[in-house]
Amino acid sequence: MTIMFNKNPLSPPDGAARNERVQFRELNAGYPGRPVLQQLSAQITAFTMTALVGPNGSGKSTLLGVLAGVITATSGQLRYAEGSPPAFVPQRGAVGDTLPLTARQTVEMGRWGERGLWRRPTRQDRAVVDSAMERLGVADLGTRQLGELSGGQRQRVLIAQGLAQQSDLLLLDEPTTGLDPEARERITALLIDLVADGTTVVQATHDLEAARSADACLLLSNGRLVGQGSPEQVLTPQALTRIWQPA
Ligand code: ADP
C-alpha cells in the first residue's frame, strides 16, 4: 500500500486542472481475516462536501478510517494533496456515555495532537477551543458532563473537538444519524458553512437528506463503490432500491 503526500494538488491523467484533496486508487482494506473494501478508486475534491453513502455494513466507516489514517489499507494507493493531517470526528455512539469528561475537556482533546498529551493548554489552545465551542453553539455547556448532554449537543461537542484540530480536512462518521430533524438540519447547515469557509468535509452517512446536501456522493455496497457523482446522479430511486432492498 502506498501513501503519498503531494506538494501540489493531484492532476488527473487528462491533465485538466482539478483540485483533488485526496485521491485513492484500487484501495483494499479491512480487518484481520475480514476484507471489507475492494478495489475502490475515487477522489475527494477540495473545498466540497463528499458523502459516503450506503447501508449498514457497506464499508463507510472503514473507508473513513482509512482516509483518517486509523486503518491501514492492505493495498492500493492513497494520495493527499498538501494540507494538514485530517481531523476525525468518530461516531457519537463510539464515545462512551460514562466517560468522566466535561464538554470542554472533550473539545480540548482536539489540541492534543498539537501540544502533546500532558502539557498544559496554552493561551492559544484555549482561544482555539473557545472559538470552536462558540461556532458549534456549545460554549455554555463547557462544564457539563458529556454523558448528560442530548445526542445533538454531544454531536456538536465532538464536531467542536474536530474543529479544534484546525485541519482543512474534516472527516465525520454518521454525524446526523439518530438525531431529531432539527438537530440534523443544524449540523448539516454547519457543515455546509464549514465548506464555504474553506474546509473539505467528508461524512459517512445513511441519512439520505444529509447526503443530498453534499456536493458529491460515493455510494458503497458490500465494500465496493457502485456510484460516484452528484447526489442527483448517484441517489436515484433505482440505485437506492437496488442497494437497500432486503437480501
Ligand atoms: P458501515 O460504516 O457502512 O456501517 P463498516 O465499515 O462499519 O460499515 O463495516 C463494514 C464491514 O466490516 C461490516 O461487515 C462489519 O461487520 C465489518 N467490521 C467493522 N469493524 C470491524 C472490526 N473492528 N473487526 C472486524 N470486522 C469489522
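In listed order, ligands and their atoms are each counted from 1.
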### Query
Which one of Arg34, Gln91, His206 has a non-hydrogen atom at the shortest distance from atom 17 (C) of ligand 1?
Arg34
### Task
Give the numbers and elements of all ligand 1 atoms closer than 4.0 Å to a heavy atom of Pro55.
3 (O)
### Task
Specify the protein heavy atom at minimum distance from atom 5 (P) of ligand 1: its residue, its atom name, and the distance to 0.1 Å.
Thr62 OG1, 3.7 Å
### Query
atom 1 (P) of ligand 1: which protein heavy atom is closest, and how many Å away?
Gly57 N, 3.4 Å
### Query
Would a 4.0 Å cut-off, counted as strictly less than, catch a protein heavy atom around atom 20 (N) of ligand 1?
yes
### Task
Indicate whether atom 15 (C) of ligand 1 is within a distance of less than 4.0 angstrom of some protein heavy atom.
no
### Side-chain donor/acceptor of Tyr80 to backbone N/O of Leu67, under 3.5 Å
yes
### Task
Return yes when atom CD of Gln39 has more than 12 non-hydrogen atoms of other residues, nucleotides or ligands closer than 6.0 Å, and no otherwise.
yes
### Message
Against ligand 1, does Gly33 come closer than 4.0 Å with any heavy atom?
### Response
no
### Arg104: which of Asp125, Asp140, Asp130 passes salt bridge (Lys or Arg N to Asp or Glu O under 4.0 Å)
Asp130
### Query
Is it true that atom CZ of Arg224 has more than 12 heavy atoms of other residues, nucleotides or ligands lying nearer than 6.0 Å?
no
### Message
Considering both backbone and side-chain atoms of Gly59, is one of its nitrogen or oxygen atoms within less than 3.5 Å of a nitrogen or oxygen in ligand 1?
### Response
yes
### Query
Can you check whether Ser41's main-chain N or O pairs, donor with acceptor, with Gln228's side chain at less than 3.5 Å?
yes
### Task
Verify whether one side chain among Gln124 and Arg126 offers a donor that lies under 3.5 Å from an acceptor in the other.
no
#### Entry: Interfacing atoms of ligand 1 (cut-off 4.0 Å, heavy-atom, Asn56)
4 (O)
### Task
Without swapping roles, check the side chain of Glu185 against the backbone of Glu182 for a donor-acceptor pair under 3.5 Å.
no
### Task
Starting from atom 12 (O) of ligand 1, find the nearest protein heavy-atom neighbour and note its residue, name and distance.
Val36 CG2, 3.3 Å
#### Entry: Identity and distance of the protein heavy atom lying nearest atom 26 (N) of ligand 1
Tyr31 CD1, 3.4 Å
### Task
Mark the output for Ser58 as yes if a heavy-atom distance to ligand 1 is under 4.0 Å, and as no if none is.
yes
### Task
Examine distances only and state if a side-chain atom of Ser167 and a backbone atom of Pro85 form a donor-acceptor pair shorter than 3.5 Å.
yes
### Task
For residues Leu170 and Leu194, determine if any side-chain heavy atom of one lies less than 4.5 Å from a side-chain heavy atom of the other.
yes
### Message
Starting from atom 7 (O) of ligand 1, what is the nearest protein heavy atom, named by residue and atom, and what distance separates them?
### Response
Ser61 CB, 3.6 Å
